[in-house]
J.: 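A single structure is presented below for examination.
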Amino acid sequence: MKKNIPFSFEFFPTKTDVGAEKLRQVHQELQPLGPEFFSITYGAGGSTRERTLAAIRDFNGQGTPVAPHLSCIGDDKTRIAELLDIYKAQGIDRIVALRGDLPSGQVGLGELPYAQDLVRFIREHSGDHFRIEVAAYPEMHPQAEYFDADIRHFAEKVQAGANAAITQFFFNPDAYFYFIERIQKLGIEIPVAPGIMPITNANNLIRFADGTGAEVPRWIRKQLQAYGDDAQSIKAFGHEVVYKLCERLLAGGAPSLHFYTMNQTDPTRQLVSDLGLI
Ligand code: FAD
């Protein structure tokens, strides 16, 4: 029987026309699964501004809502306001609001140094038009001073006007449940969707984890290393690990799942299908 759990899919904007065409195909393959929305990432400092806008234009109005990501670090209010107005005019009503990470070499935090400043600015500029999603880190943001400080800063984003959150990917479900317990103690009741990263390739996963500060547990790293070039075994193991993680999260009350598709159809489609979400 189909479980009545919403799920969403994340894409990143591609650099080439060929990549954009491939992404259109992935979008067409995933859309019939019935996601709640597709989100499109945005390079910090505006580095993918045009490409994010182009992808949003491609997918908006095709049946499933789209949610642009918007980051604030190194950017200014005028350019961010411009984007908010463009999205509003296109009928978009959901935004994923982030701080972003400064590209190496770029200095100056800009007018909005933290995501909470961006959330506040979106509310000032666009009122309640947008549903605002923010990032959450069950295993702590890598730059936070300590766990409680990160929880406090998360609460500040909610007080500034965030409606919901999506987590960084993680493989330890207890970290998610503990995070939820801690924010609920502060009276925070907004839905927090676990961010789910399918495992398909050991090197990519570890590179991505190292870049974002996400943790890949030793038992997963070592098993992936042991498979070497055996792509089939990596995929089968990766599917089982992530499937079981999702099952535990849903059994423990996660309100929805957000999949980092990495612009691929099959790994996410298989998970959503095996979990009984479609
Ligand atoms: P914040 O919430 O501002 O937190 C950043 C750090 O600052 C934390 O350590 C926090 O504890 C601390 N902090 C917050 N407020 C204060 C304060 N007032 N004083 C002192 N410290 C403070 N990046 C992109 O560039 N583009 C994307 O599209 C993108 N999409 C993402 C989607 C999801 C679901 C997630 C989880 C992350 C995404 N990221 C993206 C990555 C994100 O931008 C980085 O993780 C970034 O380092 C932090 O962003 P944030 O919005 O969580 O920042």
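Start at 1 and go down the list; that is how both ligands and their atoms are numbered.
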J.: I need the atoms of ligand 1 closer than 4.0 Å to a non-hydrogen atom of Tyr260, numbered in the order shown.
T.: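 Contacts of ligand 1 toward Tyr260, numbered from 1: 33 (C), 34 (C), 36 (C).
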J.: I need the nearest protein heavy-atom contact for atom 40 (C) of ligand 1: residue, atom name and distance, please.
T.: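 The answer is Leu98 CD1, 3.8 Å.
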J.: Kindly confirm or rule out an N or O of Thr167 lying under 3.5 angstrom from an N or O of ligand 1.
T.: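 No; the residue has no nitrogen or oxygen that sits under 3.5 Å from a nitrogen or oxygen of the ligand.
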J.: Would Phe11 and Phe9 count as a close aromatic pair, with their ring centres under 6.0 Å?
T.: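 Not close enough - the centres of the two rings lie 6.0 Å or further apart.
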J.: Consider only side-chain N and O atoms of Glu29 and Gln25, and report whether a donor and an acceptor are under 3.5 Å apart.
T.: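 Yes, a side-chain donor-acceptor pair sits under 3.5 Å.
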J.: Report yes if Tyr137 has an N/O atom closer than 3.5 Å to an N/O atom of ligand 1; otherwise report no.
T.: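 Min N/O separation from ligand 1 is below 3.5 Å for Tyr137.
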J.: Once you measure the plane-to-plane angle for Tyr260 and Phe169, does it fall in the parallel (<30°), tilted (30-60°) or perpendicular (>60°) bin?
T.: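 Answer is perpendicular, since the angle exceeds 60°.
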J.: Using heavy atoms and a threshold below 4.0 Å, how should the contact between Lys157 and ligand 1 be classified: side chain, backbone, both, or neither?
T.: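 Within the 4.0 Å criterion, Lys157 contacts ligand 1 through side-chain atoms alone.
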J.: For atom 23 (N) of ligand 1, what's the nearest protein heavy atom and its distance?
T.: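 The closest one turns out to be Gly100 CA, 4.0 Å.
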J.: Please work out, at 4.0 Å between heavy atoms, whether the side chain, the backbone, both, or neither of Arg99 comes within that distance of ligand 1.
T.: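 For Arg99, the contact with ligand 1 is made by both the backbone and the side chain.
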J.: To the closest 0.5 Å, what do you measure between NE2 (His239) and CD (Gln270)?
T.: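 The NE2 atom of His239 sits 4.0 Å away from the CD atom of Gln270.
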J.: Considering heavy atoms of the protein only, find what lies nearest to atom 35 (C) of ligand 1 and give residue, atom and distance to 0.1 Å.
T.: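 Heavy-atom neighbour on the protein nearest atom 35 (C) of ligand 1: Ala135 CB, 3.8 Å.
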J.: Give a yes or no on whether the backbone of Gln90 and the side-chain of Asn60 come within a donor-acceptor separation of less than 3.5 Å.
T.: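 Yes; judged by distance alone, with no hydrogens or angles, the pair exists.
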J.: Give me the ring orientation class for Phe7 and Phe259: parallel if the planes are under 30° apart, tilted from 30 to 60°, perpendicular past 60°.
T.: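 Judged by the thresholds at 30° and 60°, the geometry between Phe7 and Phe259 is perpendicular.
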J.: Which residue and atom name correspond to the protein heavy atom nearest atom 20 (C) of ligand 1, and how close is it?
T.: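 Ranking protein heavy atoms by distance from atom 20 (C) of ligand 1, first comes Tyr114 OH, 3.3 Å.
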J.: Note the single closest protein heavy atom to atom 8 (C) of ligand 1, along with its residue, its atom name and the distance in Å.
T.: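 Ranked first by proximity to atom 8 (C) of ligand 1 is His141 ND1, 3.3 Å.
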J.: Heavy atom under 4.0 Å from ligand 1: found in Gln116's side chain, backbone, both, or neither?
T.: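 Gln116 to ligand 1: side-chain contact only, backbone stays beyond 4.0 Å.
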J.: Looking at atom 21 (N) of ligand 1, what's its closest protein heavy atom, distance included?
T.: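 Ranked first by proximity to atom 21 (N) of ligand 1 is His153 NE2, 3.3 Å.
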J.: State the atoms of ligand 1, each with its element, that fall below the 4.0 Å cut-off from a heavy-atom position in Ala144.
T.: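 Heavy-atom distances to Ala144 below 4.0 Å select 9 (O), 11 (O).
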J.: Between ligand 1 and Tyr42, is the shortest N or O to N or O distance under 3.5 Å?
T.: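 Between Tyr42 and ligand 1, an N or O pair is found under 3.5 Å apart.
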J.: Output yes when the distance from some N or O of ligand 1 to some N or O of Val96 is under 3.5 Å, and no in every other case.
T.: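 There is no such contact.
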J.: Can you say whether the rings of His125 and Phe121 are parallel (under 30°), tilted (30 to 60°) or perpendicular (over 60°)?
T.: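 The rings of His125 and Phe121 lie parallel, inter-plane angle below 30°.
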J.: Counting only non-hydrogen atoms of the protein, does one fall under 4.0 Å from atom 2 (O) of ligand 1?
T.: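 At least one protein heavy atom is under 4.0 Å away.
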J.: Is the closest N or O pair between Asp101 and ligand 1 shorter than 3.5 Å?
T.: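 Yes, there is a polar N/O contact under 3.5 Å.
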J.: I'd like to know if the side chain of Thr167 and the backbone of Gly195 have a donor-acceptor N/O pair within less than 3.5 Å.
T.: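 Looks like yes, one N/O pair under 3.5 Å.
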J.: Checking a contact table here: which protein heavy atom is nearest atom 11 (O) of ligand 1, and how many Å away?
T.: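 The closest heavy atom on the protein side is Asp150 OD1, 2.6 Å.
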J.: Going from CG on Leu118 to NZ on Lys77, what distance comes out if it is rounded to the nearest 0.5 angstrom?
T.: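 That separation rounds to 11.0 Å.
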J.: Ring centroid separation for Phe147 and Tyr178, is it under 6.0 angstrom?
T.: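 Ring centroids of Phe147 and Tyr178 are less than 6.0 Å from each other.
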J.: Whether the side chain of Arg99 engages the backbone of Leu112 through a donor-acceptor N/O pair (distance < 3.5 Å, no angle test) should be reported.
T.: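 Side chain of Arg99 to backbone of Leu112: no pair is present.
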J.: Near Gln143, which atoms of ligand 1 are under 4.0 Å from a heavy atom of that residue?
T.: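 Contacts of ligand 1 toward Gln143, numbered from 1: 9 (O).
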J.: Could you tell me which atoms of ligand 1, counted from 1 in the order shown, lie closer than 4.0 angstrom to a heavy atom of Gln168?
T.: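 Here the atoms of ligand 1 in question are 36 (C).
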J.: Do Lys185 and Asp148 pass the salt bridge (charged side-chain N to carboxylate O under 4.0 Å, His left out) test, and can you show the C-alpha distance, the side-chain angles, and the key distance before you say yes or no?
T.: CA-CA 12 Å; Lys185 279 198 179 132; Asp148 280 1; over 6 Å; no
